[in-house]
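Letters A, B, ... mirror the listed sequences (proteins, then strands); counts begin at 1.
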Amino acid sequence: MDHRLKKEKQFSYVYRRGKKNHTDHLTLFSVESKFRNYRIGYAISKKIGKANKRNKLKRRLREIVRKSEWPKNFHNYVIVAKVGATEIEYKDLQKQVKNLFDKANQK
RNA sequence: UCAGUCAAACUUGUGGUCGCGGUUUGCUUGUAAAAGCAAAAUGAGGAAAGUCCGGGCAUCAAAAGACGGAGUGCCGGCUAACGACCGGUGGAGGCGACUCUAAGGAAAGUGCAACAGAAAUAAACCGCCCGCAAGGGUAAGGAUGGAAAGGUGAGGCAAGAGCUUACCGGAAAGGUGGAAACAUCUUUCGUCACUGUAAACCCCACUCGAUGCAAGUUUAAGCGAAGACAAUGUGCUGUCUUUCACGUCUUCCAAAAGCAACGCUUGAGCCUAUUGGCAACAUUAGGCCUAGAUAGAUGACCACAUGACACAGAACUCGGCUUAUGUUUGACUGAAUUU
RNA sequence: GGAGACGUAUCGAAGUGGUCGCAACGAGCUUGACUCGAAAUCAAGUUGUCGGUUUACCCCGGCACGUGGGUUCGAAUCCCACCGUCUCCG
């Protein structure tokens with residue numbers, strides 16, 4: 001099952017309709033999906049860093065989501081990185097992601 | 001020991017747990033295309049970057065020439081090619097190791113040289129000298145400037161001046177060395193005036209068709225419709241000509257927008273040795289196959305090695321350049337101290 | 001991935017070798033006039049920073065046209081290398 005969000009149309013739909021949640025270094029957009037599946041896209045702009053740093057951040061986020069044990073609703077998500085997200089520790093990042101999903105799933 | 005110059009190498013490794021990309025093999029499902037599971041080996045760089053040069057490759061039907069435009073610019077070599085590289089020459093810098101150098105032509109022509117200064121490529125303001133004066137001689141000294149008709153000393157003169165002479169510089173001719181750039185020597189020239197700028201136009205020599213893998217090909221399906229110009233037409237996209245080829249272009253509709261494939265990785269490839277060459281590089285022999293993604297594959301955790309900590313991520317591909325950056329090693333130079 | 005363009009006061013923008021950019025011109029800002037008050041209009045002024053001088057202002061000088069080199073007597077302008085911003089493509 002493919003959990004990736006790929007098309008630019010899908011991203012802009014989530015930005016437009018999604019609910020926002022923030023932490024210090026991340027923003028999560030979430031919106032209900034019509035499929036019985038969840039999909040996540042990662043948006044990391046050029047402001048964040050050079051290509052290798054952006055790549056690494058994306059991998060870490062993907063790893064965190066893969067290993068996570070909290071329940072995921074059938075939503076479409078977009079995780080947007082803020083400036084400074086490449087500098088923080090893996091465990092710190094993990095906490096922030098968990099926090100975001102907890103908030104999003106409560107509502 | 002301190003300060004410095006040049007060159008070279010490496011860019012974690014091994015084992016374990018979970019996870020990702022393509023490849024191969026096996027099994028399962030499926031009419032097929034393909035999908036799923038398992039195993040194995042394998043999976044970013046020295047700069048992958050900037051895109052500053054040069055090739056391969058692809059398309060423009062094929063080919064040749066002229067003009068325009070762009071680039072290069074001491075000499076020779078190397079190369080697929082280059083503005084790169086190697087060796088040498090001249091010049092500049094450094095005590096030195098060594099480094100830097102867009103380094104053809106200003107006597108083919110044109111342009112420009114503000115301000116200052118008497119005068120800017122042309123000479124006479126102040127001055128000096130002759131002369132009663134008119135006028136004439138002169139360019140030593142003055143001031144300006146980036147630049148003022150070789151420089152310094154001596155002689156000479158009415159005062160001066162290559163006017164004469166010594167040295168330095170310059171030009172021409174010839175000899176010698178060198179493959180050449182050039183070096184060096186000899187002789188002659190004082191009629192030895194002709195500044196700078198070509199990273200101003202330009203001249204000379206050499207090179208270059210244009211567009212870039214988002215090139216382009218296939219799946220692919222329409223002898224669709226309308227219009228324009230039609231052999232005086234169209235054709236490699238700066239312009240033109242010749243050969244040559246052929247109908248060409250625009251709009252609309254249908255289909256398609258890649259969550260399809262090919263291009264896409266075996267290549268001027270890498271490693272080791274040999275031979276030629278001062279070297280760049282080339283020859284020969286043997287061995288090796290080493291990423292091909294498409295929202296874009298390498299991450300997380302643990303152990304050991306003192307311990308993994310800089311810059312940084314392939315996107316058709318190769319040769320350079322430039323910029324960013326960690327560690328280590330070698331050779332050499334200068335200074336100080338000790339033996 | 002590839003191909004291009006542009007960086008000059010607070011902002012837009014001219015200048016494309018020569019008396020320091022009196023930084024043109026426009027907008028903005030400040031002050032004054034007009035008005036009961038404001039807007040509009042009219043007039044005047046207005047780059048930054050460092051140093052000197054000064055209680056302070058005035059005044060004087062240096063550096064700045066994205067940054068750093070080079071060519072030239074002289075560079076915002078010509079050449080080279082970097083930095084930043086923006087646009088285009090099947």
Side-chain angles (χ1 to χ4, degrees):
Chain A
M1 191 75 79
D2 196 8
H3 298 303
R4 289 183 299 175
L5 205 62
K6 292 181 178 177
K7 303 284 288 184
E8 189 163 343
K9 277 187 182 176
Q10 299 170 345
F11 271 77
S12 56
Y13 178 83
V14 174
Y15 287 142
R16 206 165 57 244
R17 298 291 173 82
K19 293 172 184 171
K20 283 192 267 184
N21 287 293
H22 295 278
T23 62
D24 289 344
H25 297 105
L26 299 171
T27 304
L28 180 74
F29 290 78
S30 62
V31 68
E32 282 191 35
S33 174
K34 53 187 170 182
F35 302 106
R36 294 189 60 71
N37 186 11
Y38 70 94
R39 290 186 295 183
I40 303 181
Y42 305 90
I44 300 162
S45 80
K46 271 192 172 177
K47 285 183 203 167
I48 302 299
K50 300 211 174 186
N52 67 325
K53 289 186 177 173
R54 282 184 273 137
N55 240 336
K56 186 163 183 176
L57 181 62
K58 186 178 67 188
R59 285 177 198 137
R60 281 180 154 178
L61 288 172
R62 195 178 288 160
E63 178 72 9
I64 289 162
V65 170
R66 190 184 64 79
K67 280 196 164 183
S68 62
E69 291 166 0
W70 60 81
K72 299 175 189 69
N73 296 346
F74 297 130
H75 277 46
N76 286 332
Y77 299 100
V78 173
I79 298 176
V80 179
K82 299 183 188 176
V83 176
T86 51
E87 307 299 325
I88 61 176
E89 292 291 315
Y90 177 79
K91 286 182 179 174
D92 202 8
L93 205 63
Q94 207 169 12
K95 278 183 197 167
Q96 291 197 20
V97 174
K98 189 175 188 329
N99 197 348
L100 281 175
F101 275 91
D102 286 347
K103 280 188 194 169
N105 292 344
Q106 277 173 11
K107 293 176 185 175

Gap between atoms [atom1] and [atom2], on [X] and [N] respectively (whole Å):
{"X": "Glu89(A)", "N": "C309(B)", "atom1": "CD", "atom2": "C1'", "result": "13 Å"}
{"X": "Lys56(A)", "N": "A312(B)", "atom1": "NZ", "atom2": "C1'", "result": "11 Å"}
{"X": "Lys67(A)", "N": "G299(B)", "atom1": "NZ", "atom2": "P", "result": "13 Å"}
{"X": "Asn55(A)", "N": "U298(B)", "atom1": "CG", "atom2": "C1'", "result": "9 Å"}
{"X": "Leu57(A)", "N": "G296(B)", "atom1": "CG", "atom2": "C1'", "result": "16 Å"}
{"X": "Lys95(A)", "N": "A300(B)", "atom1": "NZ", "atom2": "P", "result": "17 Å"}
{"X": "Lys58(A)", "N": "U294(B)", "atom1": "NZ", "atom2": "P", "result": "12 Å"}
{"X": "Lys50(A)", "N": "A47(B)", "atom1": "NZ", "atom2": "C1'", "result": "12 Å"}

Can you check [N] for me, syn or anti if syn means within 90° of 0?
{"N": "U266(B)", "value": "anti"}
{"N": "G135(B)", "value": "anti"}
{"N": "G151(B)", "value": "anti"}
{"N": "U306(B)", "value": "anti"}
{"N": "A215(B)", "value": "anti"}

Using a strict threshold of under 4.0 Å (side-chain N to carboxylate O), is an ion pair present between Glu63(A) and Arg60(A)?
no

Mind checking the [atom1] distance from [N] to [M]? Whole angstroms is fine.
{"N": "G263(B)", "M": "A58(B)", "atom1": "C1'", "answer": "9 Å"}
{"N": "G73(B)", "M": "C202(B)", "atom1": "C1'", "answer": "16 Å"}
{"N": "U239(B)", "M": "A210(B)", "atom1": "C1'", "answer": "14 Å"}
{"N": "A92(B)", "M": "G142(B)", "atom1": "C1'", "answer": "36 Å"}
{"N": "U322(B)", "M": "C302(B)", "atom1": "C1'", "answer": "43 Å"}
{"N": "U243(B)", "M": "G224(B)", "atom1": "C1'", "answer": "38 Å"}
{"N": "U219(B)", "M": "A257(B)", "atom1": "C1'", "answer": "15 Å"}
{"N": "G45(C)", "M": "U72(C)", "atom1": "C1'", "answer": "39 Å"}

Mapping Tyr90(A) and Arg62(A) onto RNA chain B by nearest heavy atom, which one lands closer to the 5' end?
Arg62(A)

Looking only at heavy atoms, the pair that brings His22(A) and Lys103(A) closest together is O-NZ, 3.3 Å

Tell me the partner of [N], counting only Watson-Crick (N1-N3 plus N6-O4 or O6-N4) or G-U wobble (N1-O2 and O6-N3) with both under 3.5 Å; none if nothing fits.
{"N": "U195(B)", "value": "A113(B)"}
{"N": "A13(C)", "value": "none"}
{"N": "U306(B)", "value": "none"}
{"N": "C125(B)", "value": "G142(B)"}
{"N": "A120(B)", "value": "none"}
{"N": "A205(B)", "value": "U72(B)"}
{"N": "C86(C)", "value": "G4(C)"}
{"N": "G43(B)", "value": "C20(B)"}

Compare side-chain N and O positions of Asn52(A) against OP1 and OP2 of A312(B) and report whether any pair is under 4.0 Å apart.
no

Which value, rounded to the nearest 0.5 Å, describes the distance between Lys95(A) atom NZ and Asp24(A) atom CG?
12.0 Å

Rounded to the nearest 0.5 Å, what separation is found between the CD1 atom of Ile44(A) and the CG atom of Leu57(A)?
4.0 Å

Just by distance, do the side chain of Lys98(A) and the backbone of Ile64(A) share a donor-acceptor pair under 3.5 Å?
no

Using a cut-off of 4.0 Å on non-hydrogen atoms, how would the nucleic acid contact of Arg54(A) be classed: base, sugar-phosphate, or nothing?
nothing

Distance-only donor-acceptor test (3.5 Å): side chain Arg59(A), base G313(B)
yes

Does Lys82(A), at its NZ atom, have more than 12 non-hydrogen atoms belonging to other residues, nucleotides or ligands within less than 6.0 Å?
yes

I would like to know whether Val97(A) and Gln94(A) meet side-chain contact (heavy atoms from CB on, under 4.5 Å); could you show each step before the answer?
CA-CA 5 Å; Val97(A) 174; Gln94(A) 207 169 12; over 6 Å; no

